[in-house]
There are 2 protein chains.
Amino acid sequence: MKKKILISDIAKDLGISVTTVSFILNGKAKEKRISEGLTKRVLEHVKKVGYKPNELAKSLRTGKTKIIGLVIEDIANPFFANIARFIEAKAYSRGYRIIYCSTDNETEKTVELIQLFRDRHVDGYIITPSEGITDTVQSLLSSQLPVVLFDRYIPDLDTNYVVSDNVKGAYDATAHLAQQGCKRIALVTLYSSQTQMRDRMDGYMRAIDTYKLQPYVKKVNLGDDEQTAINDFHSFLEDQHPDAVFFATNYLAITGLKAIKQHHMPMPAVASYDDHTLFKLFSPTITAVSQPIEAIADELINILLNQLDGKEKGLKQVVLPSELVIRESSMRG
Amino acid sequence: MKKKILISDIAKDLGISVTTVSFILNGKAKEKRISEGLTKRVLEHVKKVGYKPNELAKSLRTGKTKIIGLVIEDIANPFFANIARFIEAKAYSRGYRIIYCSTDNETEKTVELIQLFRDRHVDGYIITPSEGITDTVQSLLSSQLPVVLFDRYIPDLDTNYVVSDNVKGAYDATAHLAQQGCKRIALVTLYSSQTQMRDRMDGYMRAIDTYKLQPYVKKVNLGDDEQTAINDFHSFLEDQHPDAVFFATNYLAITGLKAIKQHHMPMPAVASYDDHTLFKLFSPTITAVSQPIEAIADELINILLNQLDGKEKGLKQVVLPSELVIRESSMRG
DNA sequence: TGGGCATGCTAAGGCGTTTAAGCACTTTCA
DNA sequence: TGAAAGTGCTTAAACGCCTTAGCATGCCCA
């Protein structure tokens, strides 16, 4: 096993100073007026011996790690996984790496993870904020660290964020169910005051108003195990017998469908916020509000990297449209 | 915004040397015979002022980053996402972080990613090897870097790995279909010589032998876009009209089901390698060979961390049993 | 003829830690 | 009583890179 090559080895090999090599490797040859001939010689030699700078030393010195911290609710949720996938690819192509962790939407874990990323000196943060992390995020902002939130934001805080138009998405889905002639349209959502949930509720209520219907709302605990949630939802169905259900997230929809199947209940009209690859495979296929995943990832990474490059100082708050994908589950007649 | 506290600040505050503080913070107080009184004083003061060591400097000096590189085929695939989730949690609780990237099973990308992790000095590697990376992995081994492969392994290389019992899993699924009276059982797999695919084919063939049936094998390109794959599979069905299909991975099963649905074909008996949360929601529910995801993650992280702690030097090659979960899709009568 | 300026490069300090080696003093023990 | 061993710390050198400040040379122009 050959020993690791250092920048000083390169300098020695070529009989020049470390400084010169460093300038050249960092693209400052022109600026520092290193002659073209030498520049070429250095570059060639570096390639020949396969020298790679030690990123740790570099980071220690420059304070930059070229790493982005991705703090996400749950990487096993297809919505987040797909976002992560796009972010990863885009960051990669611009020379940044991703380091990620899942928070399960737990405050304490989120705070801890952000601190951890801070300890690692990540250059920027992409976060799905859980509740109660206002101070933590504020402290990032105070330290001038670039932050972009997504999926939801923190109302008290002036941060960059990228979300989808939750109000309109929920309105469209609910209105569509109403137009299909459903009278008892239920909303299944979480115990949560996060903005995306609040806005989906809002959209649902507006549609209920438009069509002069009665609201039926079922709230579920995120932390509950699946069977508890299934039973819980089942008793709601028994109790209120809605003829349509709008689920505020895809995993709520999945749990709901399991409950219906497991208890052999008649299938109400159904729609879900967030699409899922398999929704078009169900019988019936499931109507969903589909978020523009790639566009979201695009915006996130652009905002963050532009900020890192110093190209952009102002606040960016982006709301992207969601699209209602109508499938069998919501159709009547 | 207050300036970052350094270890030297702690030393200055307390009128002692940096070395002493460092020893204490690294749990070497006893070993280095620092008095208990001083130890306590330092610890208290550190907590009071909220000092956190700079991990970069630490890593530069020690050569350890406490980061594990996770090189995975596709984080958006639920099988991998769930493994990642468990690994993340387990690593976390033992003081390690995860940095991950998806390879799409492309050789070049995989090689590049591993090099990247190397540049970042990750302490260990967990890899789903794509084809053609033998040399790259060999070079990690030569450098004494801890590596564990999973889902598949590299036959030419003596490495640690954790896989499921693909032969038996595939055999069981195929045999089960045969026992249900199916006569024309097809295998849908990938153009791939990776071990997991080879073994699943092997298991399928053994069951075909046992029951004296004819094999019908359809191979698909991993890279094809969905519609191409759907059409491709559709013409196979038209051509061979199998009465049962065993899909070698969950995404093949999903594509296959989409083809059947889209072309309104009669549903053959179906089974899939790899389970999926939603398979129990389909109509019919889908029979699957379920890999022990948590056990796999457990083994992976244990092998790696024990190696990092120097507790274990020998080779660990683990084969875990898969379980056939029988659901409606494969039942007759 | 000498001050100013452009050119092409280098010396050395610093980023924030860890750690080998050592120092001054006390105790032990033959 | 003096050498060895123990005690409780400290000094200073890494780790591998970036970057400020500056040096030597040659040329221009007044």
Side-chain angles (χ1 to χ4, degrees), chain A residues 2-43 45-46 49-67 95 118-123, chain B residues 2-43 45-46 49-67 95 118-123:
Chain A
K2 48 196 180 272
K3 248 192 76 196
K4 194 80 183 135
I5 305 165
L6 306 181
I7 194 172
S8 52
D9 296 328
I10 303 291
K12 212 175 298 164
D13 291 353
L14 264 43
I16 57 176
S17 84
V18 166
T19 309
T20 308
V21 179
S22 174
F23 282 152
I24 292 172
L25 289 176
N26 290 294
K28 302 200 175 155
K30 281 263 152 52
E31 178 190 336
K32 297 294 178 179
R33 295 169 315 204
I34 312 292
S35 66
E36 276 191 33
L38 184 53
T39 303
K40 195 169 295 174
R41 272 210 300 144
V42 169
L43 257 20
H45 188 250
V46 161
V49 301
Y51 164 73
K52 303 248 178 177
N54 180 322
E55 296 290 334
L56 285 173
K58 221 165 154 163
S59 295
L60 176 59
R61 184 56 233 246
T62 60
K64 301 278 158 226
T65 52
K66 291 278 182 179
I67 293 182
R118 248 186 126 148
D119 292 349
R120 300 270 180 221
H121 294 244
V122 306
D123 288 350
Chain B
K2 51 195 178 272
K3 249 192 76 197
K4 195 81 182 138
I5 305 166
L6 308 182
I7 195 173
S8 52
D9 296 329
I10 303 290
K12 213 173 298 164
D13 290 354
L14 263 43
I16 58 178
S17 83
V18 165
T19 307
T20 307
V21 180
S22 175
F23 283 152
I24 291 173
L25 289 177
N26 290 294
K28 300 199 177 159
K30 281 262 152 49
E31 179 190 336
K32 297 294 180 181
R33 297 167 315 203
I34 312 292
S35 66
E36 276 192 31
L38 184 53
T39 303
K40 195 169 297 174
R41 272 210 301 145
V42 168
L43 258 22
H45 187 250
V46 161
V49 301
Y51 164 73
K52 302 249 178 175
N54 180 322
E55 296 290 334
L56 285 173
K58 223 165 152 162
S59 294
L60 175 60
R61 184 56 233 243
T62 60
K64 301 279 158 226
T65 52
K66 291 279 181 177
I67 293 184
R118 246 185 129 148
D119 293 349
R120 301 269 180 222
H121 294 244
V122 305
D123 289 348

ask   = Between C/dG16 atom P and B/Lys4 atom NZ, what is the distance in whole Å?
value = 10 Å
CG on B/Leu6 to NZ on B/Lys12, rounded to 0.5 Å = 8.5 Å
Identify each atom pair where a protein N or O and an N or O of nucleotides 8-13 of chain D are less than 3.5 Å apart, giving names and distance.
unit_1, atom_1, unit_2, atom_2, d
D/dG8, N7, B/Arg33, NH2, 3.3
D/dC9, OP1, B/Ser35, OG, 3.2
D/dC9, OP2, B/Ser35, N, 2.8
D/dC9, OP2, B/Ser35, OG, 3.3
D/dT10, OP1, B/Ser17, N, 3.3
D/dT10, OP2, B/Ser17, N, 2.8
D/dT10, OP2, B/Ser17, OG, 2.8
D/dT10, OP2, B/Thr20, OG1, 2.5
D/dT11, O4, B/Thr19, OG1, 2.5
D/dA12, N6, B/Thr19, OG1, 3.3

task = Nearest whole angstrom, please: distance from the C1' of D/dC18 to the CD1 of A/Ile7.
result = 8 Å
query = Do A/Val42 and A/Thr20 have side-chain heavy atoms sitting under 4.5 Å apart?
reply = no
ask   = Any sub-3.5 Å donor-acceptor pair from A/Thr62's side-chain atoms to A/Lys58's backbone N or O?
value = yes
task = Specify the residues of residues 50-58 of chain A, ordered by number, for which at least one heavy atom lies under 4.0 angstrom from an atom of DNA chain C.
result = none
inquiry  = Rounded to whole Å, how long is the line connecting atom NZ of A/Lys12 with atom C1' of C/dT10?
reply    = 16 Å
task = Whole angstrom is fine here: how far is it from CG in B/Leu60 over to C1' in D/dC17?
result = 8 Å
query = For A/Ile24 and C/dG8, what is the distance between atoms CD1 and C1' respectively, to the nearest whole Å?
reply = 11 Å
request  = Measure the distance from CD1 on B/Ile10 to C1' on C/dG16 and round it to the nearest whole Å.
outcome  = 13 Å
inquiry  = Working to the nearest 0.5 angstrom, can you tell me the gap between A/Ile67 CD1 and A/Arg120 CZ?
reply    = 9.0 Å
task = Select base, sugar-phosphate, or nothing to describe what A/Leu6 touches, counting heavy atoms under 4.0 Å on all strands.
result = sugar-phosphate
ask   = Contact class for B/Lys28 (heavy atom, under 4.0 Å): base, sugar-phosphate, or nothing?
value = sugar-phosphate
ask   = Just how far is it from atom OG of B/Ser22 to atom NZ of B/Lys28, taken to the nearest 0.5 Å?
value = 7.5 Å
Contact check, side chains of A/Leu25 and A/Val46, non-hydrogen atoms, under 4.5 Å = yes
inquiry  = I want to check one thing: is the phosphate of D/dC18, taken as OP1 and OP2, less than 4.0 Å away from some side-chain N or O of A/Ser22?
reply    = yes
request  = Without swapping roles, check the side chain of B/Asn54 against the backbone of B/Leu56 for a donor-acceptor pair under 3.5 Å.
outcome  = yes
query = How many angstroms lie between CZ in A/Arg118 and CD in B/Glu55, if you round to the nearest 0.5 Å?
reply = 14.0 Å
inquiry  = Quick check for you: to the nearest 0.5 Å, what is the distance between A/Asp9 atom CG and A/Lys4 atom NZ?
reply    = 11.0 Å
Interatomic distance where CG belongs to B/Leu25 and C1' belongs to C/dG16 [whole Å] = 13 Å
task = Give the rounded distance in Å between these two atoms: CD of B/Glu31 and C1' of D/dT7.
result = 15 Å
